[in-house]
Amino acid sequence: MDFGLLAFSIFSTIAILGSIMVILKKSPVAAAFSLVLVFFAFAGLYALMGAHLVAALQILVYTGAIMVLFVFVIMLLSQDEPVNDLKESSGLFKGVSVLGILGLMGLLIRAVLTARGMVPTGTLTDEKIVSMGGNVRLISEGIFTDHVFHFELTSFLLLGAVVSTVALAKRKAVSGGSKA
Amino acid sequence: MITLEPWMMLVVSMIIFCIGLLGVILRKNLLIMLMCVELMLNGVNLSFVAFSKMHQILDGHLTVLFVMTVAAAESAVGLGLVIALFRNLRTVDSDQIQMLRD
């Protein structure tokens, strides 16, 4: 067994088990920490495929920024008492959704497996990426030449997110709203 | 001798996507539903990188960067909405939010 396959099986097992824990854990903090585990395993999978920039950004953005936000909100709302909300929905609903998702999963995997013998359309093999200055250099050049319009659109998206978050945070609580 | 190939990554990404979708359908806690949306976005990111590797081009990596930006903005706004809802209704249970039904 070569190193790549061994590392792949370890990381993918951690990712799948961790994501099952996310949807089964009753306490939100436990789910958040399982999600951190999944994100680290994903960073390992990206690094295995030679996507070093994406692996670094996965750890910086997801585990560094997004998960801190989640844990902070859980702390702010003090929502750590475990609630068994999986028990509330009916058994028929749960069975039908699990079966439907399993069918969707089979369909997606079947579709993906047809792509196995595909002839590559590009020419950027690993050796060529190294000889052209590496992954990070090629991606940065791509952002500021071919995809510069999308890059500018992203700044508008972030501006909109900032404005809407500030507008949400400034609003006073609705007086007379149901305080159930 | 089996070696690591991109289609294995694609299978893992599809499994993670479906687990995230199942979580969004089954759970009632809004915070955990948002976490499952992040899980789905991560599965799609993994498939972008695997397809990029399979086709030997780098455009998939660029798309992942943009998806990450959208995910960060989405979780910031989504968590802001959850806090606003909690301030008004004192709950994060999606079944308790039924002001339009009454």
Side-chain angles (χ1 to χ4, degrees), chain A residues 2 4-5 8 12 15-16 19-20 22-23 28 31 35 42 45-46 49 51 54 57 61 65-66 69-70 73-74 77 79 83 85-86 88 94 97 101 104-105 108-109 112-113 116 118 120-125 138-139 142-143 147 150 154 157-158 161 164-165 168-169 171 173-174 177 179, chain B residues 2-4 7-12 14-16 18-23 25-29 31-32 35-36 38-39 42 46 49-50 53-59 61-62 64-66 68-73 75-77 79-84 86-93 96 99:
Chain A
D2 67 334
L5 201 60
F8 166 76
S12 56
I16 291 173
S19 49
I20 290 174
V22 171
I23 69 170
L35 198 56
F42 264 71
L45 288 178
Y46 291 140
M49 277 189 289
V54 178
L57 282 177
V61 174
I66 294 182
L69 205 61
F70 268 102
V73 168
I74 293 170
L77 304 185
Q79 283 294 306
V83 223
D85 56 356
L86 274 176
E88 286 172 16
K94 274 187 283 189
S97 38
I101 295 292
L104 179 69
M105 192 192 287
L108 285 172
I109 290 175
V112 149
L113 287 185
R116 235 185 325 176
M118 201 173 266
T121 49
T123 52
L124 286 172
T125 54
L138 286 177
I139 291 174
I143 285 184
H147 297 264
H150 309 122
T154 307
L157 173 82
L158 288 175
S164 53
T165 314
L168 275 172
R171 184 174 302 161
V174 179
K179 299 274 184 190
Chain B
I2 317 166
T3 51
L4 180 62
W7 64 267
M8 302 176 184
M9 297 282 184
L10 287 172
V11 171
V12 174
M14 295 303 153
I15 292 173
I16 300 279
C18 289
I19 292 173
L21 186 57
L22 191 63
I25 293 173
L26 285 183
R27 294 304 296 253
K28 299 279 164 31
N29 191 327
L31 291 167
I32 294 185
M35 285 183 209
C36 291
E38 298 294 328
L39 213 55
N42 264 280
L46 186 64
V49 175
K53 174 99 176 158
M54 193 181 248
H55 284 281
Q56 298 181 353
I57 43 179
L58 279 180
D59 289 9
H61 295 208
L62 283 160
V64 169
L65 298 190
F66 294 126
M68 274 183 185
T69 320
V70 173
S75 69
V77 176
L79 289 171
L81 279 171
V82 171
I83 290 180
F86 186 78
R87 232 172 14 191
N88 286 328
L89 301 175
R90 294 280 141 201
T91 180
V92 288
D93 191 333
Q96 304 281 319
M99 287 167 81

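First the proteins, then the strands, lettered A, B, ... as listed; each starts at 1.
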Asker: Can you sort out the partners of A:His147 under ring-ring contact (aromatic ring centres under 6.0 Å, His included), two or more places apart, ordered by chain and number?
Answerer: A:His150
Asker: Taking side chain as everything from C-beta outward and backbone as N, CA, C, O, which of these in A:Ala51 sits under 4.5 Å from a heavy atom of chain B? Side chain, backbone, both or neither.
Answerer: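 Both parts, backbone and side chain.
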Asker: Can you see which heavy atom on A:Thr154 is nearest to which on B:Phe66, and at what distance?
Answerer: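 The pair with the smallest heavy-atom distance is OG1-CD2, 3.4 Å.
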Asker: Can you tell which part of A:Ile16 gets under 4.5 Å to a heavy atom of chain B, answering side chain, backbone, both or neither?
Answerer: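 When you check distances to chain B, atoms from both the backbone and side chain of A:Ile16 fall under 4.5 Å.
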Asker: Quick check on A:Leu45 against chain B: is it the side chain, the backbone, both or neither that has a heavy atom closer than 4.5 Å?
Answerer: both
Asker: Search all heavy atoms of A:Ser97 against all heavy atoms of B:Leu26 and return the closest pair with its distance.
Answerer: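 Smallest interatomic distance, heavy atoms only, reads OG-CD2, 3.5 Å.
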Asker: So what's closer than 4.5 Å to chain A heavy atoms on B:Ala84: side chain, backbone, both or neither?
Answerer: side chain
Asker: Write down the atom of A:Ile66, the atom of B:Glu38, and the distance for their closest heavy-atom approach.
Answerer: CD1-OE1, 3.9 Å
Asker: By the definition side-chain contact (heavy atoms from CB on, under 4.5 Å), identify the one residue from A:Leu138, A:Ile143, A:Val54 that meets it with B:His61.
Answerer: A:Val54
Asker: Highest number of heavy-atom pairs under 4.5 Å with chain A: which of B:Val64, B:Asn29, B:Ile16, B:Leu81?
Answerer: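 Max contact count across the listed options: B:Ile16.
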Asker: For A:Leu158, is it the side chain, the backbone, both or neither that has a heavy atom under 4.5 Å from a heavy atom of chain B?
Answerer: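 Contact with chain B involves the side chain of A:Leu158 alone.
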Asker: Counting only heavy atoms closer than 4.5 Å, note whether A:Phe70 contacts chain B via side chain, backbone, both or neither.
Answerer: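 It is both, since atoms from each part get that close.
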Asker: Check A:Ser12 against B:Val12 and note the closest heavy-atom contact, atom names and distance.
Answerer: CB-CG2, 3.7 Å
Asker: Specify the closest pair of heavy atoms between A:Leu108 and B:Cys18, including all atoms of both residues, with the distance to one decimal.
Answerer: CD1-SG, 3.9 Å
Asker: Residues two or more places apart in sequence or in another chain: which of them pass side-chain contact (heavy atoms from CB on, under 4.5 Å) with A:Ser164?
Answerer: B:Val77
